[in-house]
2 protein chains.
Amino acid sequence: MKATDMTALAKTDDWIDRFDGLSRLEPALRNVLTTRSHVVRLPADSVIFGPGKSPDNLLLLLQGTVRVQQLAESGREVVLYRVTAGESCVLTTACMLAYEDHAAEGIAETEIVAAAIPRGVFDELVASSKEFRNFVFRAYSRRITDLFHVIEDIAFRRMDIRLAQKIIERADTGVLKATHAQLAAELGTAREVISRQLAEFQRRGWIAQSRGVIEIRDCDGLRGLAET
Amino acid sequence: MKATDMTALAKTDDWIDRFDGLSRLEPALRNVLTTRSHVVRLPADSVIFGPGKSPDNLLLLLQGTVRVQQLAESGREVVLYRVTAGESCVLTTACMLAYEDHAAEGIAETEIVAAAIPRGVFDELVASSKEFRNFVFRAYSRRITDLFHVIEDIAFRRMDIRLAQKIIERADTGVLKATHAQLAAELGTAREVISRQLAEFQRRGWIAQSRGVIEIRDCDGLRGLAET
DNA sequence: CGCGATCAGTGACCTAGTCACACAAGCCCC
DNA sequence: GGGGCTTGTGTGACTAGGTCACTGATCGCG
């Protein structure tokens with residue numbers, strides 16, 4: 001489905017059903033959602049929020065993915081989680097709406113289409129609908145679980161294992177388009193570390209590499225490591 | 001103020017004012033809170049929640065502190081944040097209420113006194129009060145900010161700096177009672193690393209050590225490192 | 001006093017992150 | 001199609017941090 005189709009779809013209330021938990025909203029509230037939220041389209045690489053730029057809408061992603069990452073002064077970064085179509089950005093929104101400027105930012109990885117719920121409407125829905133509250137708290141819960149997982153990974157897991165997992169996770173058709181530097185930012189490490197690990201994976205025949213591209217040659221080999 | 005006093009206090013609605021944002025609750029809602037929540041006292045080292053043990057009350061801490069930490073299979077751990085008197089445990093509660101069992105647990109560091117708000121009352125208050133909603137979302141925000149900070153620390157900061165900060169932060173009167181193993185768990189590292197760093201701090205005359213006790217001798221020295 | 005439990009110190013070794021490079025591949029633009 | 005630029009990758013030497021297998025020190029307690 002193309003973005004233009006989504007824009008049309010958003011005029012009806014059908015898109016609500018893409019969001020786990022919102023499908024059971026009472027008709028009146030569906031109406032509130034659809035009439036008082038608007039659809040936005042943003043090009044790839046847009047900064048959705050970031051230091052000094054907090055959103056005042058709750059975004060429900062209809063299409064595309066948003067990457068949320070943490071930046072350090074040193075220039076290093078680490079990806080915290082991704083928001084995909086059918087998910088909401090509650091955490092960061094509510095987080096922003098109240099507190100200090102922190103060093104996390106959300107970036108559109110692809111062109112995105114989203115329903116933007118103004119803060120007032122959000123508040124109204126939270127007040128009037130148990131379903132919506134469940135939706136919101138469930139979304140929070142999911143993100144926080146993700147964060148816990150990230151912390152566990154960074155603090156306790158070996159780089160080679162994390163890298164193997166990441167390659168498997170992000171290589172659609174056995175091919176992953178990413179530079180070593182991008183993978184390093186993804187995992188919160190240095191580029192050289194990735195280069196060395198990938199060289200080892202290649203030596204073992206698990207992958208083949210060329211500039212900006214990693215091709216999986218032996219998925220079982222990778223998986224064997226990843227599941228250690 | 002002793003715990004017994006707090007128990008008495010909790011019978012009036014005064015304790016509400018200890019919680020940032022709840023002080024502006026309308027009288028009717030204050031009443032809901034005080035009549036339908038009960039005060040609990042738990043001894044030090046109680047497990048408030050953990051794998052396989054999710055709370056069904058929202059706790060508002062009146063006295064004591066709760067440590068929330070992440071456990072790894074390897075046995076290593078890391079402290080995520082602490083909940084202190086006048087704060088709530090929203091994050092973990094709401095987190096638990098919805099999703100999978102994860103590897104975080106909350107432990108009473110001291111004897112604690114808390115107001116326990118049943119899930120139903122929580123839901124009712126979120127629905128009926130803008131103040132309460134703000135309170136909840138602000139609490140979330142704070143915790144998430146803490147988590148972001150933890151991630152930044154673990155991923156990008158040097159151990160010696162983190163250790164120096166932790167010592168300053170947790171040494172009340174210039175003295176910190178903690179074993180090397182406890183500090184290691186606090187920072188998510190290994191005991192040996194802490195031992196070596198502390199030996200170095202001692203060599204520089206910043207601290208003095210004895211079994212289970214660290215005494216600050218030159219706070220400026222420590223601070224100089226911590227603020228690097 | 002003697003004994004077990006807990007706490008701290010140490011050396012050898014491995015993994016990860018840093019620094020300073022060299023080199024290679026694509027890209028543009030005459 | 002040969003310069004020059006930018007971006008991506010490879011490498012060696014070094015430091016920081018984590019693991020393992022110990023030893024010795026200290027404490028509590030019967």
Side-chain angles (χ1 to χ4, degrees), chain A residues 45 70-78 150-167 175-204 207-215 225-226 228, chain B residues 45 70-78 150-167 175-204 207-215 225-226 228:
Chain A
D45 300 319
Q70 168 99 327
L71 306 172
E73 321 79 55
S74 62
R76 275 176 62 191
E77 34 186 290
V78 57
V150 169
I151 291 176
E152 191 172 352
D153 263 24
I154 296 179
F156 307 128
R157 285 194 148 57
R158 295 169 48 100
M159 269 315 310
D160 51 359
I161 296 171
R162 295 173 56 206
L163 179 57
Q165 283 175 339
K166 190 57 81 175
I167 291 173
V175 174
L176 172 57
K177 294 201 175 182
T179 66
H180 296 186
Q182 285 167 341
L183 286 169
E186 184 91 21
L187 296 173
T189 183
R191 201 258 317 157
E192 295 91 321
V193 176
I194 299 295
S195 291
R196 285 194 266 262
Q197 296 290 359
L198 288 178
E200 177 62 18
F201 289 179
Q202 187 169 36
R203 200 191 59 75
R204 297 190 192 174
I207 61 167
Q209 297 187 73
S210 58
R211 184 177 243 243
V213 179
I214 294 166
E215 189 188 338
L225 175 61
T228 307
Chain B
D45 301 319
Q70 169 99 327
L71 306 172
E73 320 80 54
S74 62
R76 274 177 60 191
E77 34 186 291
V78 57
V150 169
I151 291 175
E152 192 172 351
D153 264 24
I154 297 179
F156 306 128
R157 285 192 148 59
R158 294 168 49 101
M159 266 321 306
D160 51 359
I161 296 171
R162 294 173 57 205
L163 179 57
Q165 283 175 338
K166 190 58 80 176
I167 291 173
V175 173
L176 172 57
K177 293 199 177 184
T179 65
H180 296 187
Q182 285 168 343
L183 285 169
E186 185 91 24
L187 296 172
T189 182
R191 202 256 318 158
E192 295 91 320
V193 176
I194 299 295
S195 292
R196 285 195 266 261
Q197 297 289 359
L198 288 178
E200 177 62 17
F201 289 180
Q202 188 170 34
R203 200 191 60 73
R204 297 191 192 172
I207 61 167
Q209 296 188 73
S210 56
R211 184 178 244 243
V213 179
I214 294 166
E215 190 189 337
L225 175 61
T228 307

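Everything numeric in this text was worked out from a predicted model, so none of it was measured. Note on naming: letters A, B, ... go to the chains in the order of the sequence lines (proteins, then strands), and numbering restarts at 1 for each one.
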Engineer: Could you tell me the separation between the CZ atom of A/Arg196 and the CG atom of A/Leu163, rounded to the nearest 0.5 Å?
Structural biologist: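 Interatomic distance, A/Arg196 CZ to A/Leu163 CG, rounded to 0.5 Å: 13.5 Å.
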Engineer: Output all residues satisfying salt bridge (charged side-chain N to carboxylate O under 4.0 Å, His left out) with A/Glu186, sequence neighbours left out; order by chain, then residue number.
Structural biologist: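 A/Glu186 satisfies salt bridge (charged side-chain N to carboxylate O under 4.0 Å, His left out) with A/Arg82, A/Lys166 once adjacent residues are dropped.
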Engineer: Can you tell me if B/His180 touches the phosphate of C/dT6, counting only side-chain N or O atoms and a distance under 4.0 Å to OP1 or OP2?
Structural biologist: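 No, because none of the side-chain N or O atoms of B/His180 sits under 4.0 Å from OP1 or OP2 of C/dT6.
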Engineer: In whole angstrom, give the distance that lies between atom CD of B/Glu200 and atom P of C/dG9.
Structural biologist: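 Value for this atom pair: 13 Å.
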Engineer: Test of understanding: with salt bridge (charged side-chain N to carboxylate O under 4.0 Å, His left out), list the residues that count as partners of A/Glu77, not counting sequence neighbours.
Structural biologist: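 Partners of A/Glu77 under the salt bridge (charged side-chain N to carboxylate O under 4.0 Å, His left out) test: none.
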Engineer: B/Ile194 CD1 to D/dT19 C1': how many Å, rounded?
Structural biologist: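 Between C1' of D/dT19 and CD1 of B/Ile194: 15 Å.
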Engineer: For B/Arg204, enumerate each residue passing the side-chain contact (heavy atoms from CB on, under 4.5 Å) test, keeping only those at least two apart in sequence or located in another chain.
Structural biologist: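 Once residues adjacent in sequence are excluded, the partners of B/Arg204 under the side-chain contact (heavy atoms from CB on, under 4.5 Å) criterion are B/Glu200, B/Trp206.
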Engineer: Between atom CG in B/Leu183 and atom C1' in C/dG9, what is the gap in whole Å?
Structural biologist: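 Whole-Å distance recorded here is 16 Å.
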Engineer: Identify, with sequence neighbours excluded, every residue that meets side-chain contact (heavy atoms from CB on, under 4.5 Å) alongside B/Thr189.
Structural biologist: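 B/Thr189 satisfies side-chain contact (heavy atoms from CB on, under 4.5 Å) with B/Met159, B/Ala184, B/Leu187, B/Val193, B/Ile194 only.
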Engineer: For nucleotides 15-19 of chain C, list the nitrogen or oxygen atoms of the protein found under 3.5 Å from its nitrogen or oxygen atoms, one pair per line.
Structural biologist:
unit_1: C/dA16; atom_1: OP1; unit_2: A/Met159; atom_2: N; d: 2.8
unit_1: C/dA16; atom_1: OP2; unit_2: A/Gln197; atom_2: NE2; d: 3.1
unit_1: C/dG17; atom_1: OP2; unit_2: A/Thr189; atom_2: OG1; d: 2.3
unit_1: C/dG17; atom_1: O3'; unit_2: A/Arg76; atom_2: NH1; d: 3.2
unit_1: C/dT18; atom_1: OP1; unit_2: A/Arg76; atom_2: NH1; d: 3.2
unit_1: C/dT18; atom_1: OP2; unit_2: A/Arg76; atom_2: NH1; d: 3.1
unit_1: C/dT18; atom_1: O4; unit_2: A/Arg196; atom_2: NH2; d: 2.6
unit_1: C/dC19; atom_1: N4; unit_2: A/Glu192; atom_2: OE2; d: 3.1

Engineer: Salt bridge (charged side-chain N to carboxylate O under 4.0 Å, His left out) with B/Arg158: which residues, sequence neighbours excluded?
Structural biologist: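 Listed in chain order: B/Asp160.
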Engineer: Nearest whole Å is fine: how far is D/dG10 P from A/Arg203 CZ?
Structural biologist: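 Distance, rounded to whole Å: 15 Å.
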Engineer: Just how far, in rounded Å, is P of D/dG8 from CZ of A/Arg191?
Structural biologist: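 Rounded to whole Å, this separation is 10 Å.
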Engineer: B/Ala226: what forms a side-chain contact (heavy atoms from CB on, under 4.5 Å) with it, not counting sequence neighbours?
Structural biologist: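 Residues passing side-chain contact (heavy atoms from CB on, under 4.5 Å) with B/Ala226: B/Ala164, B/Gln165, B/Ile168.
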Engineer: For B/Lys177 and D/dC27, what is the distance between atoms NZ and P respectively, to the nearest whole Å?
Structural biologist: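 To the nearest whole Å, that distance equals 13 Å.
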Engineer: Report all interatomic pairs (protein N or O, nucleotide N or O of nucleotides 24-26 of chain D) with separations under 3.5 Å.
Structural biologist:
unit_1: D/dT26; atom_1: O2; unit_2: B/Arg211; atom_2: NH2; d: 2.8

Engineer: With sequence neighbours left out, what residues match B/Thr228 under side-chain contact (heavy atoms from CB on, under 4.5 Å)?
Structural biologist: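 B/Ile161, B/Leu225.
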